[in-house]
Every structure is written in structure tokens, then in C-alpha cells.
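To keep things clear, I will list the structure first and then write my remarks on it.
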Amino acid sequence: MNGRPEVLFPLFASIDSLPGIGPKLARTFGQMDISTPRDLLFTFPNAVVDRRIRPTVKGVTLPATVTTEVTVLRHLPSRVKGRPYRVSVSDSETEFPLVFFHAKPDWLQERLPEGARRVISGRTELFDGTVQMVHPDHILAPGEARRLPEFEPAYPLTQGLSQKVMAKAMVAAVERVPKLVDWLEPGFLESMGWPGWHAAVTGVHAPDSAQGILSDAPARQRLAYDEFLAHQVTLALARSRQRRRKGRSSTATGRLQAKVLEALSYSLTGAQERAMHEISEDMAASERMNRLLQGDVGSGKTLVAFMSLLVAVEAGGQGVLMAPTEVLARQHLETLRPLAEAAHVVLEVLTGRDTGKERAAKLNALRDGEIQILLGTHAVFQKDVEFRELRVAVIDEQHRFGVAQRMELGLKGDAVDVLVMTATPIPRSLSLTQFGDMDMSVLDEKPPGRTPVATATVPDDRIGQVVTRLKAAVAEGRQAYWVCPLVEESDARLQAAAEDRCLELRAVFGERSVGLVHGQLPPGDRDAAMAAFAAGDTQVLVATTVIEVGVDVPNASIMVIEGAESFGLSQLHQLRGRVGRGAGQATCLLLYRSPLSASARRRIEILRATQDGFRIAEEDLAMRGAGDVLGTAQSGLPRFRTADMECHGALLPAANRDARNLVASDPELRTRRGAAVRTLLWLLEQDKAIAMISVG
């Protein structure tokens, strides 16, 4: 199917094809991202005006919009320039004036002849104890009053656009709504209590009650589901295409894995065993693996990843584990080397630091297959890095590597399996929008023996006491992180910049005892500061959120977060997860500025109440919204026009299942329902999906 179906052409015409919209108004609509009648249709009312006819204005709680039938009694033009023109009217119980500023008397005499009956509707208020209606919105003969909707939709506007113009344009757009074959099954619609597509899209603009415009109204839910479905079909097509690219089967013997399990001083959690089983099955299949491994801080992801790398080695190939920073790559080396030795597997690290002969020797060993598992940074993307037989690539920390880089890594070998690890628990609804093209394994249990981090809150006017306690802890040989919310000059707010705080702490602890890392430092300096802290050369590391992901320093048992009220919940949880990795009790101190807002207090209360990252992520989503949780700038979160993640997120899993089943049974979308879904993809501008079907 090469082009948009003809039935949709009227919806994709230019907005100025609607009556009464010229070039100037078209530009005004453009400011609201409305350039076609279809965009207008998917701009939903955000309020409703009750225009039901009442017998009288008497007894109504004012101010309010009132609609009532009146008799026109007399015209009272103003004798003083600039004063309003009044028309006295009476309903079934009381007499009151209609008030007009800058009036045209002839027009008013024509619309409101004395003695006539009229239905009037407009804003009614008390002025000096008297009821009055200023500039009625509608003046109609009783016979015309049927035209007035009982509940009139009101739309979001921009400067230069009035409700009247918007409503007129919307009526014209609704007239263009075509009858389409519905892409949702009748049985499903019935079970959900939702209308068909045509009834939903026209009904949203003709609410039959004040509840008709709410997010949970059946028509709104149905249209939100359509948007989720189109998005999930796009991801399912991408996934099915990825799968159709021939993979290679890597079957585990279990021989090397057994040696590693013997060497461990603890047993695996049920979640780790489940994830390892899912990954082994994927790798044994003939299609490519494309899996996301999600786990909370300290849930044992690295071990699961290492076991996946061993599957590749057991099958006679090689594996690579990619980390976002050199420090993290070398940290993985420290953690995994004893396990590799137990399994008699050759493990090496390759970063930008490797040069000359040392680098050349590693590249030769890799090419010959002598290095079985490689740890590295993005340096492994370089052209001269060649594997003898790369079977699996594990990428640590999803948000540092884009899809393009994942694919580039996949080209390093013949049909490489890809496993992505993220330490950021993502609410299920969001993980479906962001990683719906991937299969998912979740580590939702903690290995035994990890002591929960004690979390306390301290107002920032007691910072001196915190420093004194910190000094005593450092004297006992403990290490601490001190996180500052802002770097110098990035904001004029009152919170201390990391550089100032570092100078102040150096004055207390000594120049060499306090390190500093922040985003504006050159990567080499940042890595050196992290490494010095990891080695115990510095006792306190002052940092911005660059340490949110990464370094594992078991001796660091204190985390001070300054300006805690300015951080998101998930971010606070990630920062807290940097401590509590050793045997002793760890502490997280949240320094806050009084008075706390209600939402900041709630965030801090939740953090103190639970250490469960998945629960925290769901709470964070409920409080802040999808874009903020993922950080919209780099999240790749789709922009939904009609669906709202907070209100409609619960519909996503159903849309995900629906899309996967459809694409599995009809990958080319050729059945009657498949063809209807194609129309949906065109309607919702999912061009990427259409291209994938066309290319096949």
C-alpha cells in the first residue's frame, strides 16, 4: 500500500480549506500545531458549558452561565457617552437587564424587539446586588433554541483565536469525519463499553454531559487506546522485522556457568534464575535476541549479564559488555575477573586508554578468538576492532546508547544477539512505550544480605551538624558522597554550587581528602576523580548527578543529597543506591530547604517508606508525569496527542498484547482487520510503520 487511503484525504487537506479560515487564521492555528482538519479533530475540549434551559435566573448560584426564555420588555439606551446600553427582560419569575458595551442600537432593536420571546444564554452575575447578563453569547427565537447544544464544548485557545471561531471550524471538521471500517473488534468494544470510531470522534465534540469531556469518558478512552494501538503496532512491526533478520543459535552447555555458580558465596534469586532462563532460550533460538534486562539498584544484573556472555563462550563464540564510562568498564573488570578465572575464561578490557602495542596486542587476541569476553566503552565501535565470532553484545545503561549505536554493535558480528541492561526501574506503562520493540526481563528481588539504607531528612540550616558528623565518620575510615543539585553558573538559585561546596569541605577535611566530579569536567578528569575515590585516596566525593549511574565503592556508606526537594523521586532512589553496597550500615541524608512544598514532602516520605525501585518509579510517574520521569529531552518518549499516560497508561498493556497478536498472525496487515489497522496508522501518522510494511 503505497499511499494514504483516499477516504482520509479530506482530513489531511490544509486547515484553510475549512470555511472561514484564511491565511492569517491558518497561521494562528499553526501556533497550536493544527495544520489540517485531522489535527483539529484530535484537539479535544478541555471544558464544557452547561446551556440547558432553566425557567428562571432566580436562585442560581452566581456568577454562572445561564440559559433561559425571556420576554423583551424595553430598551434603555444610555444618555451618557461610554455608559452601557441596557435591555430589560423578564423570565418566568423575575425581571433583569441584559447589558451591552459599545452597542449598535439598530442591531439590538432587530435582535431583541420589544414584546418578543427570546432564548438567551450567557454569563450572569450580581452587580450592586442586582442580577445582570453581560453580552449574551446566544440570542435565539424559541424555535431556533433546539440548535443550542445542552452541553457546549470549550476548547484550548491561543492568542488571536476565539471560542466562536474554534467552534465553527470544529463543526466543519466534524462534518468531514469519514465512515471507516473499525480496527477494534466488536466484542472488545462491547466488553470495554466503548463506542465505534466514528461515534467516538464525533461524540467527543458533542458531549452529552459535563463528564463527557473527562479523560475517563468512554469516547476519550477509546481514542486514547487507538493511539496506543497504533504506536504499539509500529513497535511490534519493528520487533518482527528485527526478528526476521536471521539470527544464529547459541546453545548453552551450562559447563562454564556451573563453575561460576560454584565459586559464588551466595545463591541466585528466583528473579535472576528466571531472567537467565529467558536469555538462554532467546540465544538458543534462530532469531536474534533483542531483550531489555531491567533491575533495581543491587538486584544482581551484572551477574545475569555475565552468565549471558558465558552462553556465547559455551557455544564457541565471544561476547562483549559495553559500559558508558571507562570507570564503569574497569569496575566491571574488577567484579567479573574472579568469576572469569573460576570458569577459566579469558576476559579483557578495551577503552580509549589503550594505545600503541598494548592495544594492538589486544586487537590481535580478539581477532584470533583468544579473548573470549571483552569489556569496553564506545571504543569497541572503532573500525579496527574485529571479533573472531561475536555472538552476544550486552549494553549497560540503555539511555547512554541510542538505537543506532545498538545496531552498529550488531554489525560487528554475524547476527549478534543484543541484551540491554538498565538500573533505572521504569513503570510498566512507560517501558512499553519506550522499549515495546524489546522483550523484557525484570529483576524484582534483591539478593539476600543487603542491609537497607537508613534514610533521614535534615533541614539545610543544620548543615554544620551534618559536616561535624561526617568528620567523625571519615575519622573512622568511612567514605561519603556529597551530591549538589547545581553546577556553578547553571542557575542563579540559592542552592550551593558543587565547586563552592567542594572548597568549603576541603577547608574542613583537607585539600587532598575531597574530590569533585560534575558534568562540565573533561571526561579524563572526571574518571580520575572517580578512580581516586574508588581507591580510597579521597574520603569525600562532591558530585552532581553524574554519579547517579555507575561507580560501585563498597566502602562508601554515607550519601548526603543537598537540595533534596529539587530532585525527582527515581533520581533520589538512584543516588541512594550508590551506598549500602558493603557489609556495614549505610546512611542517606536528605538535606532540604524549608518550607517544603506538598509534592516535595510526598517524594521524601515515599523515599523514607520504601526501598523498592519499581514502587518508587510508579509513584514518580503518578506525581510527575511520563516526560519528567524519563527526562523527555533524551527519553525518546512518543508524544501522544489524545492519550495521556497518567490517565490512560493502564490501557497500554492491552494495546501491547493486541498489537503483538495482530502482527504475529498478520505480519503484512492483509486481513480485513489488518487493512483497517493500516488506515489507523495513516490516520495517526505512523509513517515509520507504513514504511516497514511496504519494505516488508
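The basis for the numbers below is simple: all heavy atoms, side chains too, and nothing from hydrogens, waters or symmetry mates. These numbers come from a predicted model, not from an experiment.
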Check the pair Val466, Trp482 against side-chain contact (heavy atoms from CB on, under 4.5 Å), reporting the backbone distance first and the verdict last. CA-CA 11 Å; Val466 171; Trp482 187 298; 4.2 Å; yes
Taking it one step at a time, do Val483 and Glu562 satisfy side-chain contact (heavy atoms from CB on, under 4.5 Å)? CA-CA 6 Å; Val483 177; Glu562 197 172 342; over 6 Å; no
Heavy-atom side-chain contact between [X] and [Y] under 4.5 Å:
X      : Y      : answer
Gln539 : Phe509 : no
Asn656 : Phe228 : no
Gln232 : Leu652 : yes
Val320 : Leu390 : yes
Val311 : Ile279 : no
Phe306 : Val260 : yes
Phe567 : Ile604 : no
Leu591 : Ile561 : no

Going by an N to O cut-off under 4.0 Å, is there a salt bridge joining [X] and [Y]?
X      : Y      : answer
Asp444 : Arg274 : yes
Arg291 : Asp417 : no
Glu334 : Arg330 : no
Arg255 : Glu314 : no

Backbone N/O of [Y] and side chain of [X]: donor-acceptor pair under 3.5 Å:
X      : Y      : result
Lys362 : Val349 : yes
Thr538 : Ser513 : no
Gln372 : Val346 : yes
Asp666 : Val663 : no
Gln479 : Val474 : no
Ser665 : Leu662 : yes
Gln294 : Met421 : no

What is the minimum heavy-atom distance between [X] and [Y], and which atoms define it?
X      : Y      : result
Ala659 : Val233 : CB-N, 3.6 Å
Leu375 : Ala329 : CD1-O, 4.1 Å
Ala393 : Val416 : N-CG1, 3.6 Å
Ala284 : Thr251 : CB-OG1, 4.3 Å
Val514 : Cys502 : CG1-SG, 4.0 Å
Leu256 : Ala343 : CD2-O, 3.4 Å

For Thr377 and Glu326: C-alpha separation, side-chain torsions, deciding distance, then whether side-chain hydrogen bond (donor to acceptor under 3.5 Å, both in side chains) applies. CA-CA 6 Å; Thr377 56; Glu326 185 161 321; 5.7 Å; no
Should Arg367 and Glu389 be marked as a salt bridge (charged side-chain N to carboxylate O under 4.0 Å, His left out) after you check the CA-CA gap, both sets of side-chain angles, and the distance that decides it? CA-CA 8 Å; Arg367 207 173 293 121; Glu389 194 184 317; over 6 Å; no
Does Asp396 form a salt bridge (charged side-chain N to carboxylate O under 4.0 Å, His left out) with Lys301? I'd like the steps, not just the answer. CA-CA 9 Å; Asp396 188 2; Lys301 285 181 304 301; over 6 Å; no
Hey, what do you get for [atom1] ([X]) to [atom2] ([Y]), rounding to the nearest 0.5 Å?
X      : Y      : atom1 : atom2 : answer
Glu445 : Gln272 : CD    : CD    : 8.5 Å
Glu605 : Thr610 : CD    : OG1   : 13.5 Å
Ile558 : Cys588 : CD1   : SG    : 11.0 Å
Asp439 : Leu292 : CG    : CG    : 10.0 Å
Leu303 : Thr269 : CG    : OG1   : 9.0 Å
Gln571 : Arg603 : CD    : CZ    : 10.0 Å

Out of the candidates Arg391, Arg388, Glu370, only one should pair with Gln318 under the side-chain contact (heavy atoms from CB on, under 4.5 Å) rule; please name it. Arg388
So does Arg469 have more than 12 non-hydrogen atoms from other groups sitting under 6.0 Å from CZ? no
Any chance you could lay out the side-chain contact (heavy atoms from CB on, under 4.5 Å) test for Thr587 and Val579, step after step, and finish with the verdict? CA-CA 8 Å; Thr587 309; Val579 295; over 6 Å; no
Any donor-acceptor pair under 3.5 Å linking the side-chain atoms of Thr455 with those of Arg576? yes
side-chain contact (heavy atoms from CB on, under 4.5 Å) between Leu541 and Met530: does it pass, once the steps are laid out? CA-CA 8 Å; Leu541 185 64; Met530 292 274 212; 4.2 Å; yes
